[in-house]
There are 2 protein chains.
Amino acid sequence: MRWLDATQMRAWRGFLDLHARLAAKLNRDLQRTSGLTLSDYDVLVHLTDVPEGRLRAFELGDGLQWDKSRVSKQVARLAARGLVAKEECEADRRGAYVVLTPAGREAIEAAAPAHVELVHRLVFDTITPEQVREWAAISRAILQRIEAG
Amino acid sequence: MRWLDATQMRAWRGFLDLHARLAAKLNRDLQRTSGLTLSDYDVLVHLTDVPEGRLRAFELGDGLQWDKSRVSKQVARLAARGLVAKEECEADRRGAYVVLTPAGREAIEAAAPAHVELVHRLVFDTITPEQVREWAAISRAILQRIEAG
DNA sequence: GGAATCTGGTTGCCACGGCAACCACATTCG
DNA sequence: CGAATGTGGTTGCCGTGGCAACCAGATTCC
């Protein structure tokens, strides 16, 4: 049977630890400074990335790789806070559009700079441009492997 | 203000996506084949790593970087399933030991090989040894940066 | 020695995510 | 057309994690 050697173990534990620490820190910071969670943030970013700030719910789910129930509930929460609105779809009466509201746009534009700056400080100020490329290549390779099955 | 350039964006999104995909897949697989969650697994691994399979609850929390309430609840759940036992501490009467039971040791030893094999297949069969080293170095650097504040 | 403080651990509350069941509409196919 | 199947989305249930409040036992400091 194959175990992990010391270097692999360091890499694997490092990866898991790094994510746990970063996610915790970024989430706390985001929440504290803007009242948004990382999930809120991700939804709003996806909406700002698209013309009119309008997406079908399932498109949001595909983009975020989220379970559809997660999309549904997250959108419901954001809608309750007025950051997005739900609109019906005429072409497919089952469907729903999720639309960024002015308040939502304001929220994400207020939150993004400090968030991105923190990512810079913690991550990209710490590693070299060459490491950034290598990091991206590694993630990309493994992701493709996962897609393949 | 500093934004993320294209490479940084690829690295960052890749990191987040990779973790989400891997964690989902590994968790599902682990749960299906052994009835353990990743959290269960992590606790049991930490206990097997130590002589007598016995740790103070706070040591477990330090090792896993978990909130103490998380430790408390996770241990309670594992104890209810007979995989660990809680023992009082005589030296500090507030304290509690968490001890791996024979059933717990059996469970982790049954679960580990398939889990590690899956990590191998998805991750380490996909990237070169040089990339493994670089990956570990990157995670390590950023983690140290986070510790520093 | 005793009050203030600290520390280890538990509990309650709430938000969140996964899963399966379900509903409504759409599409396919005989 | 109409039945079967597929798809978009919602809901309920349950396990889980974070946070704050809390409790009991330890420690500090006068």
Side-chain angles (χ1 to χ4, degrees), chain A residues 16 19-32 34-43 54-81 83-99, chain B residues 16 19-32 34-43 54-81 83-99:
Chain A
L16 296 177
H19 181 271
R21 298 296 207 95
L22 271 178
K25 199 168 183 76
L26 291 173
N27 212 353
R28 257 197 308 277
D29 179 81
L30 198 57
Q31 189 107 32
R32 186 171 49 74
S34 72
L36 298 177
T37 64
L38 274 177
S39 294
D40 296 336
Y41 186 90
D42 285 342
V43 168
R54 164 193 312 268
L55 279 175
R56 287 290 299 272
F58 74 93
E59 295 177 306
L60 207 46
D62 290 351
L64 292 161
Q65 293 282 141
W66 280 5
D67 184 275
K68 57 188 183 169
S69 82
R70 182 174 177 185
V71 174
S72 178
K73 289 179 220 185
Q74 184 68 40
V75 166
R77 266 170 272 160
L78 288 170
R81 292 158 59 194
L83 302 180
V84 305
K86 294 199 295 190
E87 293 182 4
E88 1 187 289
C89 172
E90 289 149 33
D92 184 339
R93 235 165 300 183
R94 300 165 299 179
Y97 282 107
V98 185
V99 195
Chain B
L16 297 176
H19 180 271
R21 298 298 207 92
L22 271 179
K25 199 167 184 77
L26 291 174
N27 212 354
R28 257 197 307 277
D29 180 81
L30 197 58
Q31 188 107 35
R32 186 171 49 74
S34 71
L36 297 177
T37 66
L38 274 177
S39 294
D40 296 336
Y41 186 91
D42 284 342
V43 169
R54 162 194 311 266
L55 279 175
R56 286 290 300 271
F58 75 92
E59 294 176 307
L60 208 45
D62 290 351
L64 291 161
Q65 293 284 141
W66 280 6
D67 184 275
K68 56 187 182 169
S69 81
R70 183 174 177 186
V71 173
S72 177
K73 289 180 221 185
Q74 183 68 39
V75 166
R77 268 173 260 148
L78 287 170
R81 292 159 58 196
L83 302 180
V84 304
K86 294 198 295 190
E87 294 182 3
E88 2 187 286
C89 172
E90 288 150 32
D92 184 339
R93 234 165 300 184
R94 300 166 298 179
Y97 281 107
V98 185
V99 194

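Lettering of chains follows the sequences in order, A, B, ..., and the numbering in each one begins at 1.
Taking atom CZ of Phe58(B) as the reference point, atom C1' of dG25(D) lies 14 Å away to the nearest angstrom.
Listed by chain and residue number, His115(B) satisfy the ring pair (Phe, Tyr, Trp, His ring centres under 6.0 Å) test with Tyr41(B) (two or more places apart in sequence, or in another chain). Applying the side chain to side chain donor-acceptor pair (under 3.5 Å) test to Arg28(B) and every residue at least two apart in sequence or in another chain returns nothing. Residues passing the salt bridge (Lys or Arg N to Asp or Glu O under 4.0 Å) test with Asp62(A), sequence neighbours excluded: none. Contacts of Ser39(B) classified as side chain to side chain donor-acceptor pair (under 3.5 Å), with partners at least two apart in sequence or in another chain: Arg70(B). Not counting sequence neighbours, Asp67(B) has no partner by the salt bridge (Lys or Arg N to Asp or Glu O under 4.0 Å) test. Qualifying side chain to side chain donor-acceptor pair (under 3.5 Å) partners for Arg21(A), counting only residues two or more places apart in sequence or in other chains: Gln65(B), Glu147(B). Ala85(A) meets the side chain to side chain contact (heavy atoms under 4.5 Å, CB included) test with Thr101(A); sequence neighbours excluded. Among residues two or more places apart in sequence or in another chain, the side chain to side chain donor-acceptor pair (under 3.5 Å) test is passed with Glu59(B) by none.
Using a 4.5 Å cut-off on side-chain heavy atoms (C-beta onward), Leu83(A) and Leu36(A) make contact. Using a 4.5 Å heavy-atom threshold, the side chains of Asp40(A) and Arg81(A) count as touching. Using a 4.5 Å heavy-atom threshold, the side chains of Thr37(A) and Leu30(A) count as separate. Between Leu60(B) and Val75(B), the closest side-chain pair of non-hydrogen atoms falls below 4.5 Å.
Nearest-nucleotide assignment on DNA chain D puts the 5′-proximal partner with Gly95(A), out of Gly95(A) and Arg28(A). The 5' end of DNA chain C is approached more closely, in terms of each residue's nearest nucleotide, by Lys68(B) than by the other of Lys68(B) and Lys68(A).
Of the residues in residues 84-93 of chain B, Asp92(B), Arg93(B) come within less than 4.0 Å of DNA chain D through at least one heavy atom, sorted by number.
Here chain A contacts DNA chain C (any atom closer than 4.0 Å to a heavy atom, that is under 4.0 Å), and the contacts span dC16(C) to dA26(C) from 5' to 3'.
Of all non-hydrogen atoms in Glu88(A) and Tyr97(A), the two that sit nearest each other are O-CD1, 3.9 Å.
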Nucleotide by nucleotide, nucleotides 1-6 of chain D touches protein heavy atoms under 4.0 Å in the pattern (B base, S sugar-phosphate only, - none) -----B

Using a 4.0 Å heavy-atom cut-off, write out nucleotides 12-17 of chain D from 5' to 3' as B (base contacted by protein), S (sugar-phosphate only) or - (no contact).
BB--SS

